[in-house]
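Okay, so here's the structure we're looking at.
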Amino acid sequence: MSASPPAADAAVPGTVDVAIVGAGVIGASIAYWLTRLQPGLSVVLVERDPGFADASSQRSASSIRQQFGTAVNVAMSRFGLEFLREAETLLEVDGRSPGLGLALPGYLYLATDAQADALRAQNALQRAHGAPIELLDAAALADRFPWLNVEDLALGSHGPGVEGWFDGPALHAALLRRARAQGARLLRAEVAAIALGDGPGARRATGLRLADGTTIRAHRTVLAAGAWSRALAATAGLALPVHARRRTVFVFSCPTPLPGCPLVIDTGGFWFRPEGRAFIGGAAPADDVDDLPLEPDHAEFDEAAWTALAHRVPAFEALRVERAWAGYYEMNLWDHNALLGEAPDVPGLLVAAGFSGHGMQQAPAAGRGIAERVLHGRWTSLDLDELSVARIAEGRRVHEANVIG
Ligand SMILES: Cc1cc2nc3c(=O)[nH]c(=O)nc-3n(C[C@H](O)[C@H](O)[C@H](O)COP(=O)(O)OP(=O)(O)OC[C@H]3O[C@@H](n4cnc5c(N)ncnc54)[C@H](O)[C@@H]3O)c2cc1C
C-alpha cells in the first residue's frame, strides 16, 4: 500500500487536451506517456480516492510473465519487462529513483500428462514471439526444484530471467509522480458520467461530468476506472463487459526454505510464490460473482487447497496462513483480455480497462498505446488492434488460455 497519498491539485480551468478518469496504474501510465511523448499537453487525471484504498493497483500480486497464449500479450509483457528494467531512470523525479525490487526467478507452469500437449503448444507460440521459456520434463523439474513433488507431473515450463515480480504499488506511485512532474494534474473528484456533446454529432465525448455537477471539458476523454469502468461506460451508451471479481491473496509462512522458488502455477490452478521470507498464493474462487466486499474469504484456503499445496510441496504440510487481502480483478467477461482504444460510436472517448488480472505488467504498454492513439490516431510502436474495444461488436474474441485465478 502507498505510504502517503499524493495531495491532489486544485480545480481544472477551461478545456484540457485529455481528461482521464481513474489514476490507478493504468491512468497514471497513460498520463506519463502522454506528457512524455508530447510535453506541454494538458492532461488531468480525475480520481475519487488519491489514497487508492480499494484500487486494484494497490492490491495486486504484481507479477510479470511471458507465458501467455497470445502473441499480443507476450509482446505487451516483454515491453513491460523492458520498461521495468529501465524504470529507475525513466521514473526518476528530483534525483529520486523508485526502488521496484524486480526479481526474475520465472513462472513455472506445471502440467499432467493430459495437460502436456497444451503446454507444449503454448511454449511453441511463446518461443516464436521471442519469449525464452524452457520446457522441463519431470526428471529435469526434480533436478532443478528438489522441493517439488513431480510424481504426477509430465512437464513444466519455466522462464527464469524474464519473468518474476516487483513492487507494483511502487510502480504505480512512481508513474503518477513522474507524470505530474511532466505536467499532468491530479484532481480529486468523483466522476458521475462521461460528458456528451449535444447538437450535431451528438454522443461525442466532451469530457467528464463530476458528481458535484461541474464538467471538465476535454478534447479526448479516457476511461481507466478499473473494476468500476462498466458503470461509467454505460453513461456514454457503451456496453463494456468489465466486472469486479474479488480475488483473495493468502500470505503464508513455511519453516523450510524453497531455494530458487519461482511463481508456481499448479495443475489445479492454485498459484504461489515467495514474498520476502513468506509466500503468497491464491486461486479463482469456485463461486465467482460480481462486487463482493473487499474482505478476504478465508474459507477459500480450505482443506482442499491445503492438501493440494502439501501434495505439490511436501514442506508445505507445515505451512501457516499469516494473513490475507482481497482486491478486484477487472474481469472482461467477453474474453478475459484488455479492452483498448477508441470506443465505437462515441468519438472522443478511449478506453483502457478489463485487464482481467494482468494489468500491472501491461500498464507500460497499455499507457504508451493509448497515448499513441490520442496523439497520432494509430499505434506507432506495438500494434494492439487485437485488443480493440470494437472486437466485441465484431464478435471477435482474443483466445487467451493462460488466465490466472
Ligand atoms: C489480487 C490481485 C492480484 C493481481 N495480480 C496481478 C499480477 O500478478 N500481475 C499483473 O500484471 N496484474 C495483477 N493484477 C491486476 C492488476 O493489479 C490490475 O489489472 C491493475 O492494477 C488495474 O489498474 P487500473 O488502473 O485499471 O485499476 P485501479 O488500480 O483499480 O484504478 C482505478 C481507479 O479508478 C478510480 N475510479 C473508479 N471510478 C471512479 C469515478 N467514478 N470517479 C473517480 N475515480 C474513479 C478508482 O478510485 C481507482 O483508483 C492483480 C489484481 C488483483 C486484485
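Along the sequence shown, the residues carry numbers beginning at 1. Bear in mind that the values here come from a model prediction, so they are computed numbers and not experimental data. As the structure lists them, so they are numbered: ligands from 1, and atoms in each ligand from 1.
Given atom 50 (C) of ligand 1, the protein heavy atom at minimum distance is S60 OG, 3.4 Å. The protein non-hydrogen atom at the shortest distance from atom 4 (C) of ligand 1 is A61 N, 3.3 Å. Annotation: atom 48 (C) of ligand 1 to nearest protein heavy atom, E47 OE1, 3.5 Å. Looking only at protein heavy atoms, the nearest one to atom 16 (C) of ligand 1 is M360 N, 3.5 Å. Considering only non-hydrogen protein atoms, atom 26 (O) of ligand 1 sits nearest to I26 CG1, 3.3 Å. E330 OE2, 3.4 Å is the protein heavy atom nearest to atom 22 (C) of ligand 1. Among all non-hydrogen protein atoms, the one lying nearest atom 23 (O) of ligand 1 is S57 OG, 3.3 Å. Of all protein heavy atoms, the one lying nearest to atom 31 (O) of ligand 1 is G24 CA, 3.4 Å.
At a threshold of 4.5 Å between non-hydrogen side-chain atoms, the residues I265 and L110 do not count as touching. For the pair W165/S62, no side-chain contact is recorded, criterion being any heavy-atom separation below 4.5 Å from C-beta on. P160 has its side chain within reach of R144: a pair of non-hydrogen atoms, C-beta onward, lies under 4.5 Å apart. A 4.5 Å side-chain heavy-atom check between F272 and I280 finds every atom pair outside the cut-off.
No hydrogens or angles considered: nothing links the side chains of S77 and R65 as a donor-acceptor pair under 3.5 Å.
Under 4.0 angstrom from ligand 1, there are no non-hydrogen atoms of D54. Counting heavy atoms under 4.0 Å from ligand 1, residue A189 touches it through the backbone alone. Counting heavy atoms closer than 4.0 Å to ligand 1, residue Q58 contributes nothing at all. With a 4.0 Å heavy-atom cut-off, ligand 1 is reached by the backbone of R59 but not by any atom from C-beta on. Contacts of W165 with ligand 1, taken as heavy-atom pairs under 4.0 Å, are absent altogether.
Residue A352 places no N or O, backbone or side chain, under 3.5 Å from any N or O of ligand 1. Checked by distance only, ligand 1 and G357 come closer than 3.5 Å through their nitrogen or oxygen atoms. Residue S63 has at least one nitrogen or oxygen atom sitting less than 3.5 Å from a nitrogen or oxygen atom of ligand 1, judged on distance alone. Geometrically, ligand 1 and R48 share a nitrogen or oxygen pair separated by less than 3.5 Å.
Under a cutoff of 6.0 Å and an axis angle of 45°, R48 and W228 form a cation-pi pair. Relative to the six-membered ring of Y329, R245 misses at least one condition, a distance below 6.0 Å or an angle of at most 45° to the axis.
Checking A28, S56, G226 against atom 30 (O) of ligand 1, the nearest heavy atom belongs to S56. Closest heavy-atom approach to atom 41 (N) of ligand 1 within the set L294, V191, V249: this belongs to V191.
Considering F301, F279, W325 as possible partners of F250, the one that fulfils the ring pair (Phe, Tyr, Trp, His ring centres under 6.0 Å) test is F301.
Other residues, nucleotides and ligands contribute at most 12 non-hydrogen atoms within 6.0 Å of the CZ atom of R96. When the shell of 6.0 Å around CZ of R127 is examined, it contains more than 12 heavy atoms from other residues, nucleotides or ligands.
For the pair A227 and ligand 1, no heavy-atom separation below 4.0 Å is found. Heavy atoms of S229 stay at 4.0 angstrom or farther from ligand 1.
The pair R396-D335 does not count as a salt bridge, with every side-chain nitrogen at least 4.0 angstrom from each carboxylate oxygen.
No side-chain donor-acceptor contact under 3.5 Å links S157 to the backbone of E134.
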